[in-house]
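Take a look at the structure below.
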Amino acid sequence: MTVTGADMGFRLEATFVGFEAVLSLHGEVDLGSAPEFGAYLDWAIDQGHRFVVIDLGGLSFMDGSGLRVIGGAAERLQLSGGALSVRSPSTSIRRLFDIGGLADLVRLDQSIDSSDGVEIGTAVGIPVKSVSAASAGLSAFLKRMVALPADDEVVNGALRLVVALAQATVCGADGVSISLRRHGTLSTVAASDQVILAMDAGQYETGEGPCVDASVKGRRFHAEVLDIETRWPAFTPKALALGINSILSSPLEARKAPVGAINIYSRTTSAFAVKDQDLASVFAREASVILSDARVDMTDQQLDDRMSQALRNRELISQAQGVIMHRDGIGEDLAYTKLRRDSLRNGRPLHDRAQEVVDSARHRLEASDHLLEGEHG
Amino acid sequence: MDDSPVDLLDSYRIDAQLSNGELWLRYFELGGMSTGVDLEAFLLGFLQPSIHDHDVIAHALNERFVEMGGNHPVAYLEDTKHV
């Protein structure tokens with residue numbers, strides 16, 4: 001059985017054997033063809049096919065809308081005791097699944113020997129069950145990525161993952177971006193495509209728009225129907241010209257201060273239901289965690305100052321250790337323990353106590369110098 | 001084994017509201033010699049820190065708890081090993 005979608009770039013072939021349905025996709029699954037694919041998949045499940053195999057071998061492109069269809073069907077099948085497998089995903093589609101985290105729901109097979117129907121590939125589990133689970137897993141992963149002093153590349157890579165996940169899961173999202181204020185200037189650090197980049201740029205140029213307001217005022221700005229929007233007269237015509245009709249910008253915070261926004265754009269008016277707005281907040285929080293860990297709220301000067309302070313304190317503690325080792329005739333670690341116990345006893349930070357030890361030693365040295373000078377004088 | 005000191009260190013870090021990177025900076029400031037990767041492994045219990053390293057991490061955490069108005073809840077191995 002072959003179904004050719006209204007979108008001519010998409011074709012679906014279906015084979016049914018008992019409870020199993022094999023749907024082979026060809027061409028492109030995007031916003032235009034995803035509804036048709038979803039409707040057909042729903043119909044196949046309604047017919048009692050509890051084991052669905054989606055063969056992506058003939059697919060040249062799939063975006064987040066296709067991922068949503070597959071995720072929804074997998075969830076439905078799992079609830080009814082069935083299962084959904086995906087065959088022959090390309091590396092990029094595999095990555096999309098990976099980012100989305102559909103592991104517990106979808107089984108990804110490497111390949112299949114189509115001549116006898118025997119699977120020869122290895123089943124690979126891939127992380128995304130529900131939005132909250134995906135988000136939690138992502139968070140742990142991203143926290144690992146930014147565990148080390150983060151450079152821009154690491155942070156931007158993590159934010160690109162948030163953008164991909166937001167686009168894959170927020171209904172109505174045709175594009176997503178993350179704007180970040182660095183060194184006083186807003187710029188886009190992750191965007192789903194060129195149109196979205198242009199949308200952000202339009203706001204930076206005019207100095208207005210939901211993204212600008214969210215990132216400055218630290219609260220969500222929702223333009224439901226751009227046609228009747230009056231808050232951003234210079235920017236709105238640019239958005240409409242690019243075919244965008246609704247925008248949802250949620251603020252990103254680092255250490256409780258607004259530093260940017262996650263912007264979700266749609267070609268549809270009133271595209272974002274309350275649950276999508278809540279979902280946007282989830283991703284905003286996720287990105288905020290990344291940004292807080294990366295300390296993007298600190299200026300270069302502040303970072304330099306913090307590093308210099310750490311180095312100064314480290315040196316001071318080392319000097320104090322040396323003084324105690326010399327004074328008490330003990331080893332390095334024991335000298336450290338002594339210093340640490342003193343600091344706790346006196347309720348002072350270790351570097352303060354170290355300063356006192358070093359100062360005291362210096363005074364003793366100066367006093368003995370004076371004494372020597374006196375004796376010789 | 002679940003409540004051994006190394007297993008608990010990461011939960012203290014979370015309570016102290018410190019990122020791994022920020023804790024590493026504090027640990028380094030106090031004289032710590034291990035890399036951020038090693039520190040993360042210590043926190044999660046994948047690697048066993050030396051007694052001295054453990055106590056430097058513990059102190060970095062305790063100083064943070066004091067800043068937050070608390071006490072110093074993380075035990076020092078050097079102080080407990082002779083008890």
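In the text below, chain A, chain B and the rest are named by the order of the sequence lines, each starting its count at 1.
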*Return yes when atom CD of A:E356 has more than 12 non-hydrogen atoms of other residues, nucleotides or ligands closer than 6.0 Å, and no otherwise.*
yes
_Pair B:E78-A:D333, side chain to side chain contact (heavy atoms under 4.5 Å, CB included): steps then yes or no_ = CA-CA 10 Å; B:E78 185 63 44; A:D333 286 357; 5.9 Å; no
_Segment of A:T337 engaging chain B (4.5 angstrom heavy-atom cut-off)_ = side chain
*What distance do B:E63 atom CD and A:S343 atom OG have between them, rounded to the nearest 0.5 Å?*
6.0 Å
*Under a 4.5 Å cut-off applied to non-hydrogen side-chain atoms, are A:Q309 and B:E29 in contact?*
yes
*asked:* Working to the nearest 0.5 angstrom, can you tell me the gap between B:N62 CG and A:L350 CG?
replied: 11.5 Å
*Interatomic distance, A:Y336 atom OH to B:L30 atom CG [nearest 0.5 angstrom]*: 4.5 Å
*So which part of A:I317 gets closer than 4.5 Å to some heavy atom of chain B, the side chain, the backbone, both or neither?*
side chain
*Any donor-acceptor N/O pair, A:R340 side chain to B:V56 backbone, under 3.5 Å*: no
